[in-house]
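Here's the structure, in structure tokens; my notes come after.
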Amino acid sequence: MPMVLGGLKRLELIRTKPELKERLWTVVAALQKGLREAGFDLGKTNSAVTPVYMKGGEAEATNLVYDLRENFGIFCSMIVYPVIPKGDILLRLIPTAMHTLEDVEITVDAFKKVRKTLLEGKYSTTDFAIVEVDM
Amino acid sequence: MHRNNHKKNYNVDIFEKFRANKGEIGKHMKKIHGYFAFPKLEGELAPRMIFRGKEVLNWSLNNYLGLANHTEVRKADAEAAAQYGMAYPMGARMMSGQTSKHEQLERELAAFVGKPDAFLLNYGYQGMVSVIDAICGRNDVVVYDAEAHACILDGVRLHMGKRFVYLHNDIDSLRKQLTHATRLAEKQKGGILVITEGVFGMAGDMGKLDEIAALKDEFKFRLLVDDAHGFGMMGKQVPVLLNILGLLIKSIFTLPLLQKQWPELVVLLPAKQIFAFTYDIICVHKPMLNRCQCQWFWVV
């Protein structure tokens, strides 16, 4: 029953608060524009889903995401083979109405920096802090 | 008593076999578990959450409109849980689980999307599987997009009849597969169901719904659209999209639609063609806060 009553409330908010969608699209537009202007490949998205395509193997992908999370404090999903072809890295960002334009700026900046490290080949070497995960 | 020793020449243990080969992602389990896979995000659902003790800027929640942790939503959820608990009503709706609130929500949802009726179900993933299974029989033919979500693939896998896959968003390929499908369906006296998505969740591109619907001039089929990632977030605030898709977007997505934050939502829109370009069925769902949520399932 909470799901049904909660559903009624959500429907009410969707009906009565168009500003939520407006805020979402402000963030989407800023994020996608920022990334595209920085030269990132966002593929063929024409929705809020924001994929960022880069090239690299497993080591590059894991080290890049590790760097993003640990040193830049950016958390996003990483998709690798077999969901996408080998040699491709896909980072997927989902903007929301709750994000701010400052969040966008921080993120675009972080992406530029990790791309630089990626292109320098640093994520493919053991020089980089290879992920050690507690099991 | 004589017993054959069937183990003599055959001794494969399914657990051992699985341990030896966990698949493309599973083989990295030790390295990725808890970090790349099954990460724990703690704190309130928000752009800033805690990952391994540190605050991170989080871009991984499908909380498009921010309803998941909206104060009014949290209040409504909590009050309902306090009043009814999580177990009420009990049993399948057909047997003992029907309530007037379910009916009210179905009515409101149907009115909201301009359809005659709606029906709620439990999960998005299961919903797509169920929809395909429920409406397709052995003689019906399914034609689906190559990049369709796993829930569609699983639904298609359950389908006992024939299926054809077309290249992602490729209308020529779809036309070719529809030609095959039509030939077969005619022979079997079955129908044809085409399945695609409104917004593909991985790449963010939209299914070419208008072009697919236009194929109805040439072929007889019904269209099922899974719009888990598009519903409610697309709309008139996106003039570029409006230009691209014209009438379709105007007629479908500018409705103040339901959306991704909605708990597990499956929408089945009717067979009646209300819009100029129309889909017959649209499916919206969302793995949300709880795994025990209702699913909304519109059927007309």
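Residue numbers start from 1 in every chain, and the chains themselves are labelled A, B, ... in the order their sequence lines are given, proteins ahead of strands. In this text the structure is predicted, and so the values were computed from the model without any measurement. Note: hydrogens, waters and symmetry copies are ignored here, and every other heavy atom, side chains too, is used.
Top candidate by heavy-atom pairs under 4.5 Å with chain A, chosen from B:K75, B:H70, B:E55, is B:H70. With chain B as partner, the option from A:D103, A:T100, A:L5, A:L20 having the largest number of non-hydrogen pairs under 4.5 angstrom is A:D103. No other option in A:I94, A:T96, A:I106 has as many heavy-atom pairs under 4.5 Å with chain B as A:I94. Ranked by heavy-atom pairs under 4.5 Å with chain B, the first of A:T50, A:V65, A:T107, A:I84 is A:T107. Chosen from B:A203, B:P89, B:A76, the residue pairing most often with chain A at heavy-atom distances under 4.5 Å is B:A203. Chain B forms the most heavy-atom pairs under 4.5 Å with one residue out of A:K44, A:E58, A:M98, and that residue is A:K44.
Residue contact with chain B, scored on non-hydrogen atoms closer than 4.5 Å, involves the backbone and the side chain of A:I74 alike. Proximity to chain A (any heavy atom under 4.5 Å) is shown, for B:M202, by both the backbone and the side chain. Heavy-atom distances place the side chain of A:M78, and not its backbone, under 4.5 Å from chain B. Contacts of B:A46 with chain A are absent, with no heavy-atom separation under 4.5 Å from either backbone or side chain. Neither the backbone nor the side chain of A:L91 comes within less than 4.5 Å of any heavy atom in chain B. Contacts between A:L31 and chain B at a heavy-atom distance below 4.5 Å involve the side chain alone, from C-beta outward. Looking at A:L93, both its backbone and its side chain come within 4.5 Å of chain B, counting heavy atoms on both sides. Heavy atoms of A:V52 lying under 4.5 Å from chain B are absent altogether. Residue A:V28 does not touch chain B at all, counting heavy-atom pairs closer than 4.5 Å. Residue A:F72: no heavy atom, backbone or side chain, is found under 4.5 Å from chain B.
Panel note: side chain A:K9, backbone B:V73; no donor-acceptor pair is recorded below 3.5 Å. Side chain of B:E197 to backbone of B:H149: a donor-acceptor contact under 3.5 angstrom is found. Distance alone, capped at 3.5 Å, places no donor-acceptor pair between the B:R48 side chain and the B:G43 backbone. Between the A:R115 side chain and the A:F111 main chain, no donor and acceptor come within less than 3.5 Å of each other.
Ring centroids of A:Y123 and A:Y66 are separated by 6.0 Å or more, keeping the two rings apart.
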Next item on the list: Verify side-chain contact (heavy atoms from CB on, under 4.5 Å) between B:T99 and B:Y88, making sure each step is shown before the conclusion.
Entry: CA-CA 10 Å; B:T99 76; B:Y88 179 84; 4.1 Å; yes

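Between A:K116 and A:E120 there is a salt bridge, since at least one side-chain N of the basic residue sits less than 4.0 Å from a carboxylate O of the acidic one. The residues B:K54 and A:E70 are annotated as salt-bridged, a charged nitrogen and a carboxylate oxygen being separated by less than 4.0 angstrom.
For the ring-ring contact (aromatic ring centres under 6.0 Å, His included) with A:F75, the qualifying choice from B:F51, B:Y35, B:F36 is B:F51, the only one to do so.
Residues A:V104 and A:V27 form a side-chain contact, since some pair of their non-hydrogen atoms from C-beta on lies under 4.5 Å apart.
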